[in-house]
Amino acid sequence: MKMPKYLFLLFCLLIEFSAFAQDFPSEDEEDDLQGDDPAAVPVNGKLLWLLVVGIAFAYYKFNTISRAETQG
């Protein structure tokens with residue numbers, strides 16, 4: 001049963017790696033590799049959601065561990 005979990009994790013990691021990989025131009029092209037920097041992205045709005053999800057996950061894990069200790 002653990003094998004599908006590992007395969008799913010491996011699949012997600014490989015997809016993430018290939019999704020953000022850069023495609024550099026070939027030697028024949030005269031493009032500048034430096035290029036312009038992308039615009040800055042505000043992160044402050046996402047930090048609140050990260051905090052909420054982190055607290056919910058910690059609460060879930062704490063409850064599952066405490067339930068396992070009381071049953072076993």
Side-chain angles (χ1 to χ4, degrees):
M1 187 64 188
K2 290 190 178 198
M3 184 59 98
K5 290 181 183 178
Y6 290 125
L7 289 176
F8 180 71
L9 177 65
L10 181 65
F11 177 74
C12 289
L13 290 175
L14 290 176
I15 289 297
E16 181 181 357
F17 178 73
S18 65
F20 294 109
Q22 295 180 355
D23 184 27
F24 292 111
S26 65
E27 293 178 10
D28 298 334
E29 297 177 7
E30 296 295 328
D31 292 336
D32 184 20
L33 289 180
Q34 296 296 322
D36 295 333
D37 290 335
V41 178
V43 184
N44 294 339
K46 304 297 181 191
L47 288 177
L48 179 63
W49 288 110
L50 182 63
L51 177 69
V52 169
V53 170
I55 290 173
F57 180 72
Y59 179 75
Y60 168 75
K61 288 302 276 184
F62 180 74
N63 278 342
T64 55
I65 290 172
S66 63
R67 285 182 189 165
E69 288 178 355
T70 57
Q71 290 178 357

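Shown here are the side chain to side chain donor-acceptor pair (under 3.5 Å) partners of Tyr60, two or more places apart in sequence or in another chain: there are none.
In the hydrophobic clustering (ILVMFWY side chains linked at under 4.5 Å, chained through shared members), Ile55 is joined by Leu51. In this structure, Phe8 stands alone, with no Ile, Leu, Val, Met, Phe, Trp or Tyr side-chain heavy atom under 4.5 Å from its own, directly or through other members.
For the atom pair Thr64 OG1 and Lys61 NZ, the distance stands at 5.0 Å (nearest 0.5 Å).
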